[in-house]
Amino acid sequence: MCNKVIQVEVIIPTQTKYLDLIGSIGEHIAKDLEDFSGDREALAYHLNLVLTEATTNAIKHASSAMQKDTVKITIHIHDNELNIKVYDHGQGFNMETVPVPDLDQPKEGGMGLYFIRTLMDSVSYTRLDDGNVLEIIKYL
Amino acid sequence: MKLNLEKVKGFSVIFIKEERIDAHNSGELKAYILHLIEQGEVNIIVQIECVRFIDSSGLGALLSGYKHATAKSGKLALACCKQQVLSMFELTRLNRVFDIYADLNEALENET
């Protein structure tokens with residue numbers, strides 16, 4: 001597998017109307033991957049979903065003190081690794097304490113992180129000097 | 001949220017006219033369904049033929065409607081679900097909760 005290096009960086013206001021844009025970028029990247037032998041349509045949907053969920057999460061956790069807060073999203077593909085980083089300026093949260101949803105007792109919330117964890121290969125959430133970053137890795 | 005409402009064979013059929021249900025419009029969908037139920041329209045079919053993407057908040061909005069409808073002895077079923085959207089119901093096992101029909105006629109035949 002030898003995809004060309006792709007690097008995308010997008011900065012959006014903390015408004016949900018931009019979710020379509022962010023998700024669509026992931027979908028397009030999946031559809032245009034040069035060397036990918038898996039289910040391309042499924043990967044396109046999954047990247048759309050993961051970017052949508054991660055960005056929604058960042059918007060929810062955005063700093064209320066900053067009226068013009070933004071979310072930065074980077075997507076980087078090198079060799080067979082697809083790396084997504086979503087930066088927020090909020091208080092952050094402890095990802096380890098987010099419970100795994102009980103699928104036999106479905107609830108309305110709490111599925112976003114479950115999707116990211118289930119569909120991707122690695123997820124971490126790290127505190128930075130000026131916010132937090134959710135890093136997601138998918139091996140292609 | 002673009003949608004149409006039709007009354008068919010005693011069911012309130014909501015035709016979603018959006019390609020995406022995500023955190024931008026799911027709150028509106030949830031509120032719309034709850035408003036219908038509060039008005040006594042507790043038998044609902046949501047036709048999602050146009051929908052090619054749904055996220056966790058969209059699933060949550062439909063689940064909210066389902067729970068409120070069944071709490072009032074009604075029902076909420078889905079019709080015309082695209083394969084990729086269906087896979088989200090399968091991943092969350094919500095396909096065990098909702099009755100999901102291939103088309104509206106099948107939904108009406110089985111639910112009435």
Side-chain angles (χ1 to χ4, degrees), chain A residues 12-28 30-31 38-62 71 86 88 98-120, chain B residues 1-2 16-34 37 46 48 50-71 75-78 81-100:
Chain A
I12 57 164
T14 49
Q15 294 172 16
T16 53
K17 67 178 180 181
Y18 295 103
L19 293 174
D20 188 2
L21 169 70
I22 300 303
S24 298
I25 292 170
E27 203 169 283
H28 280 284
K31 288 181 177 172
D39 185 339
R40 197 176 287 269
E41 290 296 321
L43 180 67
Y45 193 104
H46 293 167
L47 290 186
N48 188 342
L49 182 67
V50 164
L51 282 161
T52 298
E53 299 287 359
T55 306
T56 300
N57 195 48
I59 291 171
K60 275 188 197 163
H61 291 96
V71 174
V86 180
D88 69 76
V98 177
V100 176
D102 179 355
L103 300 182
D104 292 322
Q105 304 283 332
K107 292 183 181 165
E108 287 171 45
M111 284 287 180
L113 197 55
Y114 167 74
F115 282 149
I116 297 172
R117 283 173 159 155
T118 303
L119 299 173
M120 301 287 117
Chain B
M1 161 76 60
K2 290 182 213 151
I16 308 286
K17 297 294 180 186
E18 301 273 0
E19 286 195 356
R20 281 176 69 94
I21 307 178
D22 63 19
H24 186 55
N25 55 15
S26 58
E28 205 179 325
L29 175 63
K30 178 178 170 179
Y32 184 85
I33 295 173
L34 294 190
I37 293 167
V46 185
I48 51 175
C50 294
V51 178
R52 50 178 288 276
F53 178 87
I54 190 165
D55 75 349
S56 62
S57 72
L59 294 172
L62 294 171
L63 183 61
S64 160
Y66 173 87
K67 286 183 172 178
H68 281 85
T70 51
K75 55 184 75 171
L76 187 148
L78 305 173
C81 192
K82 291 192 189 310
Q83 185 54 46
Q84 297 273 23
V85 173
L86 182 62
S87 71
M88 289 298 103
F89 285 88
E90 291 167 348
L91 189 60
T92 51
R93 297 191 207 156
L94 287 173
N95 56 325
R96 298 182 190 177
V97 173
F98 291 97
D99 287 324
I100 303 175

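Chain A is the first sequence line, chain B the second, and so forth, proteins listed ahead of strands; every chain is numbered from 1. Bear in mind the structure is a predicted one, so any value in this text is a computation, not a measurement.
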Can you tell which of A:Pro101, A:Pro106, A:Gly109, A:Gly23 has the highest number of heavy-atom pairs within less than 4.5 Å of chain B? A:Pro106
Heavy-atom cut-off 4.5 Å, strictly under: side chain, backbone, both or neither for B:Ile54 against chain A? both
Sub-4.5 Å side-chain heavy-atom contact between B:Leu59 and A:Met111: no
So for A:Thr118, is it side chain, backbone, both, or neither that comes closer than 4.5 Å to the heavy atoms of chain B? side chain
Just verifying a value: how many Å separate B:Ser87 OG and A:Glu41 CD, rounded to the nearest 0.5 Å? 11.5 Å
Which value, rounded to the nearest 0.5 Å, describes the distance between A:Leu49 atom CG and B:Gln84 atom CD? 10.5 Å
In short, B:Phe53 meets A:Thr52 closest at the heavy-atom pair CZ-OG1, 3.6 Å
More than 12 heavy atoms of other residues, nucleotides or ligands under 6.0 Å from NZ of A:Lys17: is that the case? no
What part of A:Tyr18 lies closer than 4.5 angstrom to a heavy atom of chain B: side chain, backbone, both or neither? neither
Measuring heavy-atom distances to chain A, does B:Arg96 have an atom under 4.5 Å in its side chain, in its backbone, in both, or in neither? side chain
When the 4.5 angstrom heavy-atom criterion is applied to A:Glu27 and chain B, the contacting part is side chain
Is A:Glu108 paired with B:Lys67 through a side-chain N to carboxylate O contact shorter than 4.0 Å? no
Can you give me the closest heavy-atom contact between A:Leu19 and B:Ala23, atom names plus distance? CD1-CB, 3.8 Å
Name the region of A:Tyr45, side chain, backbone, both or neither, that has any atom closer than 4.5 Å to a heavy atom of chain B. both
